[in-house]
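Okay, structure first, notes after.
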Number of protein chains: 2
Amino acid sequence: MNVTGHTRRSVSIRDVATAAGVSYQTVSRVINAHPSVKPSTRERVLAAIDELGFRRSSTALALASGRSRAVTVLTANTTHHGYASILQGIEEAARASSYAVGIGVLESPDGADGAEVAAQVQRAADTGGGLIVIAYDPAGVRALEAVPEGLPVVGVVETPARPPGGDRPWVWTDDREAAYEATRHLLSLGHETVHYVAIPSSTRRTSARTSGWQQALKEAGAPQPRPVQGSWGPAGGHAAGLRFAGDRAVTAILCGNDDLALGVIRALHEKGRSVPGDVSVAGFDDAPHSAFLTPSLTTVRLDFTGLGRSAFGLLHSVLEESAQVGPHPVSVPELVVRESSGPPPGHA
Amino acid sequence: MNVTGHTRRSVSIRDVATAAGVSYQTVSRVINAHPSVKPSTRERVLAAIDELGFRRSSTALALASGRSRAVTVLTANTTHHGYASILQGIEEAARASSYAVGIGVLESPDGADGAEVAAQVQRAADTGGGLIVIAYDPAGVRALEAVPEGLPVVGVVETPARPPGGDRPWVWTDDREAAYEATRHLLSLGHETVHYVAIPSSTRRTSARTSGWQQALKEAGAPQPRPVQGSWGPAGGHAAGLRFAGDRAVTAILCGNDDLALGVIRALHEKGRSVPGDVSVAGFDDAPHSAFLTPSLTTVRLDFTGLGRSAFGLLHSVLEESAQVGPHPVSVPELVVRESSGPPPGHA
DNA sequence: CTGAAAGCGCTTACAG
DNA sequence: CTGAAAGCGCTTACAG
């Protein structure tokens with residue numbers, strides 16, 4: 001393959017045809033693995049392709065055929081554990097299917113006006129190919145809604161209240177179950193109730209995590225405190241933790257993600273309350289560093305990378321109209337008990 | 001703007017021309033802001049564009065003009081703090097210039113064979129547009145080397161031994177200075193020497209971080225221990241920390257990144273050594289959670305997001321042949337002293 | 001200031 | 001099994 005001889009004007013299908021002594025049409029057949037080409041002809045064409053260092057232009061392909069083997073991911077964030085892992089999963093799967101992956105960050109996770117988001121969706125759509133929208137936050141939800149009819153799109157969403165219809169290709173993790181499990185774990189340790197610091201919700205509705213937490217409390221007949229609104233990062237957890245630290249009645253706190261939990265633990269420590277001696281804290285996600293914190297963090301592991309792979313798989317099946325199409329929730333969340341949770345103070 | 005009326009076959013420049021009663025050539029002039037168009041004509045065309053919901057096809061544009069307003073980022077990783085932040089910076093800057101951003105993850109950060117990496121570079125090049133290669137690791141370095149002559153590319157590299165020539169558009173942070181500062185900080189606290197846990201290097205040469213550390217030791221006349229080889233994540237730090245924990249002579253450890261530091265601290269804690277009471281630990285990068293750890297982490301803040309923005313800016317100036325072209329190192333690293341560093345045990 | 005032609009590198013029918 | 005035509009939606013000269 002002639003890599004070094006790269007020049008401005010790239011070698012085209014016609015150049016190959018000339019070199020091989022065939023029409024460019026035949027070259028097209030060869031590069032598309034069309035069955036009806038005489039083996040000897042194919043050989044000659046392949047040799048010419050190799051010698052000339054021909055690479056088929058994906059933009060010409062896209063223009064002529066309308067297909068594009070590309071996916072663009074629309075997301076409000078690329079660095080938080082969940083988002084980053086989903087992106088990683090999508091990229092992995094896309095690469096395996098030789099799809100190009102583009103990425104567009106949605107502005108103003110909170111106060112974005114609809115027009116701005118719609119414009120970004122349009123820009124992404126212009127690229128051609130399919131769309132995957134991470135709709136864990138208001139900007140993402142708006143983006144998903146703004147996707148024009150007829151454009152191939154898969155949404156990565158919070159657990160929907162009820163499974164969407166077959167025409168709605170969505171994927172999600174079972175956040176409700178995860179929160180339920182984590183809450184039950186804390187309750188089983190003897191805590192009277194469990195407080196909750198929430199990540200920002202994608203909608204005004206009660207999030208799946210919040211509702212799983214509430215259900216566990218309800219089933220146990222435990223008091224149901226109001227959820228505390230947090231942010232995505234540790235600073236929000238720190239602010240919430242400062243408030244909890246003054247209240248001796250608080251002995252167990254579930255957090256909407258591990259970063260929040262980190263902030264809560266830090267705040268409790270600053271106020272002289274020990275974890276888990278005085279207060280138990282559990283997170284959500286199992287970020288890479290959570291096992292190495294002191295105390296190491298009890299959390300619920302969610303397979304975001306797998307979720308990303310599923311999202312791509314679903315989109316792929318839509319784009320290539322093969323295989324089955326339908327929503328498929330992914331792996332079951334797994335409770336990981338570590339040092340940050342234990343019995344409440346004075347527990348028998 | 002007609003967003004809802006999206007159909008399979010999109011409206012083209014000719015449709016607009018017909019609607020406006022002009023030739024499609026004139027429409028082309030309008031959408032390219034060409035000066036010589038009569039204002040009244042322009043108005044009519046603009047109205048037609050708006051009414052029909054016309055969007056110029058970027059793939060047709062790319063095919064016809066050869067330009068593509070796209071950048072693809074080649075990287076071995078998308079989730080570690082530094083990588084993710086650079087990507088974020090690139091995306092920000094690209095979006096501001098309405099460039100599309102693609103991403104390709106390089107396989108096998110360590111043992112990748114050259115052919116595989118070269119193929120990935122080719123695939124990225126096929127997309128058209130420019131390339132930004134994050135060359136912090138062997139796969140990235142190989143990718144940068146495999147970029148064919150004549151393709152617009154910017155490398156994000158470790159501090160080069162000497163500034164590259166003007167034809168090598170590279171950006172970097174001053175890692176050498178950063179490591180030097182951090183080491184001097186620990187030395188100034190009274191430690192006899194400072195040990196170092198390294199991140200994997202991009203080459204066999206001594207990395208900039210390692211060399212800054214060594215220089216500070218040398219200048220202070222301190223013993224120069226061998227650097228310990230770590231990985232990118234906390235697990236590598238944990239392994240290194242376990243080894244250090246047994247050696248009472250070790251009182252200060254500098255780590256190649258914050259995750260490594262987290263692992264080291266955890267290991268020391270497991271072995272009953274307190275931080276910073278018995279051992280001081282400093283990290284590198286100032287990841288978002290580092291301020292909220294207990295103890296909070298002394299580290300050196302590096303502006304990776306700014307670095308990403310610079311990388312894009314440089315590529316942009318190469319692609320559009322405007323403005324100045326040349327390597328520009330970015331902001332100065334900033335030492336952030338927190339709780340994890342202090343005087344050695346028994347220090348006056 | 002505006003239009004008619006040729007072409008970017010491919011594919012999709014249509015012929016043979 | 002293989003070729004000649006038309007076209008994807010735009011741009012870049014060339015005309016006027």
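Every chain is numbered from 1, with letters handed out A, B, ... down the list of sequences. In this text, all values refer to a predicted model and were calculated from it rather than measured experimentally.
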Atom-to-atom span, CG of B:Asn32 to C1' of D:dA13 - whole angstrom: 14 Å
Whichever of B:Ser23 and B:Ala60 has its nearest DNA chain C nucleotide further upstream toward 5': B:Ser23
Interatomic distance, A:Gln25 CD vs C:dC14 P [rounded to whole Å]: 14 Å
Separation of atom CD1 in A:Ile13 from atom C1' in C:dC10, rounded to whole Å: 6 Å
Residues B:Glu320, B:Arg69: salt bridge by 4.0 Å N-O rule: yes
Backbone of A:Ala100 reached by a side-chain donor or acceptor of B:Arg123 within 3.5 Å: no
A:Arg67 CZ to D:dC8 C1', straight-line distance once rounded to whole Å: 13 Å
Point-to-point distance, once rounded to the nearest 0.5 Å, from OG of A:Ser317 to CZ of A:Phe312: 9.5 Å
salt_bridge(A:Glu107, B:Arg95) N-O dist < 4.0 Å: yes
Sugar-phosphate only, base, or nothing, as touched by B:Arg42 at under 4.0 Å among non-hydrogen atoms: nothing
Between C1' of C:dC8 and CZ of A:Arg14, the distance in whole Å: 9 Å
Touch class at under 4.0 angstrom, heavy-atom based, for B:Leu61 against every strand present: sugar-phosphate
Candidate pair B:Ser28 and B:Ile13, rule side chain to side chain contact (heavy atoms under 4.5 Å, CB included), full reasoning: CA-CA 7 Å; B:Ser28 173; B:Ile13 211 183; 3.8 Å; yes
Base-pairing mate for D:dA13 - Watson-Crick or G-U, with both contacts under 3.5 Å: none
Among C:dC1, D:dG9, D:dC1, the one nearest B:Leu63 by side-chain distance: D:dG9
Counter-base of D:dA4, judged by Watson-Crick or G-U geometry with both distances under 3.5 Å: none
Sugar-phosphate, base or nothing in reach of B:Thr59, heavy atoms under 4.0 Å: nothing
Candidates C:dG9, C:dT2, D:dA5 - which lies nearest the side chain of A:Ala64: C:dG9
Short side-chain N/O contact to C:dC10 OP1/OP2 from A:Ser28, under 4.0 Å: no
side-chain N/O A:Thr26 vs D:dG3 OP1/OP2, d < 4.0 Å: yes
Between P of C:dT2 and NE2 of B:His34, the distance in whole Å: 10 Å
Integer-rounded Å distance: C:dG3 C1' and B:Tyr24 OH: 9 Å
Spacing between A:Ile49 atom CD1 and C:dG9 atom C1', to the nearest angstrom: 14 Å
First of A:Arg29 and B:Ser36 reached from the 5' end of DNA chain C, by closest nucleotide: B:Ser36
